[in-house]
Each structure stands twice: as structure tokens, then as C-alpha cells.
Amino acid sequence: MATFPDWKEATHETVVHLSRLIQAQTVNPPGNELPAILIIKEILEREGFRSPQDFIIVESAPQRVNLIARLRGDASQRPLLLSGHVDVVPVEREKWSRDPFSGEVINGEVWGRGALDMKGFLAMYLQIFLQAHRTSLPLKRDLILAAIADEEAGFDHGSKFLVTHHRDLIDAEYGLTEGGAFTIPLGKIRLYAIQVAEKGVTWLKMTTKGKPGHGSLPQRDNAVLHLAKAIEQIRRADHLPVHITPTFRAMIAAAAKQARFPTSLLIRSLSLPVVVNLLLRFLDGQPKSILTALTTNTCTPTILQAGQKTNVIPAEAFAHLDCRRLPGQTPADVMREILTLTGDGVQLEQLDTSPGAAFPIDTPLYRLLEQETHKLDPDGIVIPMMMTGATDACVYREAGIIMYGFTPGRLPDGFPVLSLAHGHDERLPISFIESGLPTLWEVVRKFCVSE
Ligand SMILES: [Zn+2]
């Protein structure tokens, strides 16, 4: 293969861009994505891109902006979208050992809020986009780069705004966004999980009613006691019923295929609900949380409210439940499962809901992602995975785009990636960028170039 692109040089450039993006403070809420978008605009303009023919900036509210750039192909196939959000979650400055917005490089790592989620990955997408432009890749499909707002607080100013008001700008057959194919250490195993599904959100308000009265005269018919009982019933059940989804089945099959006997047999047995139920009884801590999230609709009480005065028995008591649905499950299914535990004495009301998503994996792009991730780390295990939270992927799905969470790269052994995203001392090793750029490049080249 030709020596171009020079990945050392490309990595250096990505790091410079990432540091600048981290310095642009885009904490959401309130968002304020404009400074980061202006940096990307300047980088594109320096490279010869012009607005509006090559890129467009669309504003959803003051300071809330999205930039969409496009490299044109021969249109024989529909576009590939690379989408990254520029907003970041807030920081607790006093808990950081460095300035969270310095973008400094220390011991080979780029430090700052967003280094992982997801300015680092966006800087890599941008770099591949620039390389595709510089090498004049003969594209059979348009390559779209979207730097967008508001992923961390509800999508309204970013992906939702684009899907609703500017669908032509992001219309694509496939898209890549955050959340997959980086090293997750699992004991001695290095796992690479490509995100192919996301859980749906169902936020519920649970209400119990009772007889109001004076606190000095105790009574059984007390809304607070009814609520406490309902919550206790949820706690005692430990989890809602197990459902083995097609994504979970595919994940198990992929992991089993890459494992040795007898581990492979053990992994395969996870496709039986009875085995999952048994494991959930004996597991503890994070492994249990993860298995619960992967195989059940979850129900987490987060807010309790009742009463105003110590000596008054209130007529009503409330709890908020953060419930997450497996793909294929409806809000009504979740409510039915909860009522089975609590009985009909409680009322459930839907506060908010988002659809979740499950994307097909029998596609040429998924197979390519799998293949290139194996090349990135031949000894790693590559599996399709469901994300337990929600990203822009579930919003783009409404525009018919098949999205995968794919931000590939190899992390150094022991790098605590899962606790650093949204955590303190967020940072990204430069070696990750250097390992991931060629993988991303091969994916874009093989998927978008006419041969
Ligand atoms: Zn993110």
C-alpha cells in the first residue's frame, strides 16, 4: 500500500484539532456549541471548503449550531454520514487534577472534558474527511461530516433539529457515530463492542393515593406507606422479566465463535432465559448491572415526593421511575411488567419516552466494521452490542439511516475508558488516535470508493 496518508502526521494534526475543540467550552446545558463549530469551519475553509456548496451551518437557537460538510461522490450509491456531537457534559472542577478545558497533552494523553465523549472521536472523523478530500478519493457515495449540537441534553437542537428541519443535509443510507469498537478490558480479554442497538427511554411517574388526615392519628390507608410498599415490591423483585433480544443473541453468538471451548459453551448458554435468570441471582456489582440492562427492561426509582408538613398525612405520594426499554418492547409492556409487581393500587403516567433502536447487522457495512476491527486488534474479541443509554443514533433512525456506534482504536492496557467518559480527568491517549485513524480510513475507503 502507498505510504500516504502519513498516519504520524495525521495523528499530530488530529491532536491539534482536538485540543482546540476541548478549549472551546461547550458544556450542555446550556450548550453554546458555536465556538467549537467555528473552529471546524475555519479548518475546513483553510482546506478550501466553501459555504454553502461544501458545508452549511444551521442554527437551531442562539449559540446552538450544527455544521454539515459534504464530499461529493458519483451518486451511484447513497451517502455515508459521520456524525459527532460537540457539546459536552458539565464538570466538577475541584475533582479534576488538571484544568478540564486546557486541551493539554500530558504524557501522551490529550486532557479535557470531551476528549472521549466525543470531541476526540469527532476530531478523528474530521481527519478522515480531510484525508478523503486531500487524496481526492473517487467516491461512489457522498461522504457527509456532521458536527452537531445537543447530544447530551435531549437532541432537540442537534440531531432532532436536523432530522425535522434539514433532512436533506443528513440524508444517508448509513451513518457512524460514537460509542463502539474501542478497547474494553475484560480480565485478560480485550473486547471491541460495535454499537448496533440502543435502549428506549420510558420515564414514569408513579402515584399512590390514600386518605388524608392528621399525623397524630395513624391509619393504614396512607399514600406514603402505599408508595413505600410499591417501591419495596420493585426492590424485592430485583429485576423485570428477562427478554432475549435478537441483538443479545447476535452478541452471544459472535462472542462464542471467538472463544475457546468450554468458555464458548458457557457463553452460548446465555441465550437461554433460565441461565440469565440464574446468573442475575448470583452476580453482583457492575457485571450484574450490565447483564440486567442487556436482558431486561429496567426500572430505577430516582425521585420520591410526598407531603408538605410533618403532621399532615398527604392524599397522594409520587415516585419517578427511570425505565429503559429493550428494542421491541413498548412503554405499555414496561408499565404492565411494573404493575405485575406492585398490583393495581398504583397509577403510572408516562413523563417522557424515546424510541430506542436496533439496526440490522447483516449488512455490508457491519461486516466491514467487524473485519477492520479484527485487523486493528487480531487478538481482541469483536461483538455487536446494545447501548444502555441513548445517542444520536436513535434519532437518525427516524430518518431511515442505519447507524452504528463506531469510533475505533486500541487503548493501552488498564486504561479506564468506561469511567472516564462523563467522569473526572477525562483524557484520550494519542496512541488511540494513531491506531484508530487507519481503521477508520480503511472503512471509509472500502465502503465509499468505486472499484
Ligand atoms: Zn457522547
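No hydrogens, no waters, no symmetry mates; every other heavy atom, side chains included, goes into these values. Start at 1 and go down the list; that is how both ligands and their atoms are numbered.
- Residue pairs meeting the side chain to side chain donor-acceptor pair (under 3.5 Å) criterion with at least one partner in residues 48-59, sequence neighbours excluded, do not occur; the list is empty.
- Listed by chain and number, His85 NE2, Asp117 OD1, Glu178 OE1, Glu178 OE2 are the protein N/O/S atoms closer than 2.8 Å to the Zn ion (ligand 1), with waters left out.
- Under 4.0 Å is where a charged nitrogen must lie from a carboxylate oxygen, and between Arg367 and Glu370 no such pair does.
- Surrounding NZ of Lys375 are more than 12 heavy atoms belonging to other residues, nucleotides or ligands, all under 6.0 Å away.
- One finds no salt bridge joining Arg98 and Glu109 here, because no Lys/Arg side-chain nitrogen approaches an Asp/Glu carboxylate oxygen to under 4.0 Å.
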Identify all side-chain donor-acceptor contacts of residues 75-93 below 3.5 Å with residues at least two apart in sequence or on another chain.
| residue | atom | partner | partner atom | Å |
| --- | --- | --- | --- | --- |
| Ser76 | OG | Asp74 | OD1 | 2.7 |
| Ser76 | OG | Lys140 | O | 3.4 |
| Gln77 | OE1 | Arg141 | NH2 | 2.7 |
| Arg78 | NH2 | Asp171 | OD1 | 3.3 |
| Arg78 | NH2 | Ala172 | O | 3.2 |
| Ser83 | OG | Tyr396 | OH | 2.8 |
| His85 | ND1 | Asp87 | O | 2.9 |
| His85 | ND1 | Asp87 | OD1 | 3.0 |
| His85 | NE2 | Asp117 | OD1 | 3.0 |
| His85 | NE2 | Glu151 | OE1 | 3.4 |
| His85 | NE2 | Glu178 | OE2 | 3.1 |
| Asp87 | OD1 | Asp150 | N | 3.4 |
| Asp87 | OD1 | Glu151 | N | 3.1 |
| Asp87 | OD2 | Asn28 | ND2 | 2.8 |
| Asp87 | OD2 | Glu151 | N | 3.0 |
| Asp87 | OD2 | Glu152 | N | 2.8 |
| Glu92 | OE1 | Lys95 | NZ | 2.9 |

All N/O donor-acceptor pairs, side-chain side in residues 387-394, below 3.5 Å, sequence neighbours left out:
| residue | atom | partner | partner atom | Å |
| --- | --- | --- | --- | --- |
| Thr391 | OG1 | Glu198 | OE2 | 2.4 |
| Thr391 | OG1 | Ala393 | N | 3.1 |
| Asp392 | OD1 | Ser159 | OG | 2.7 |

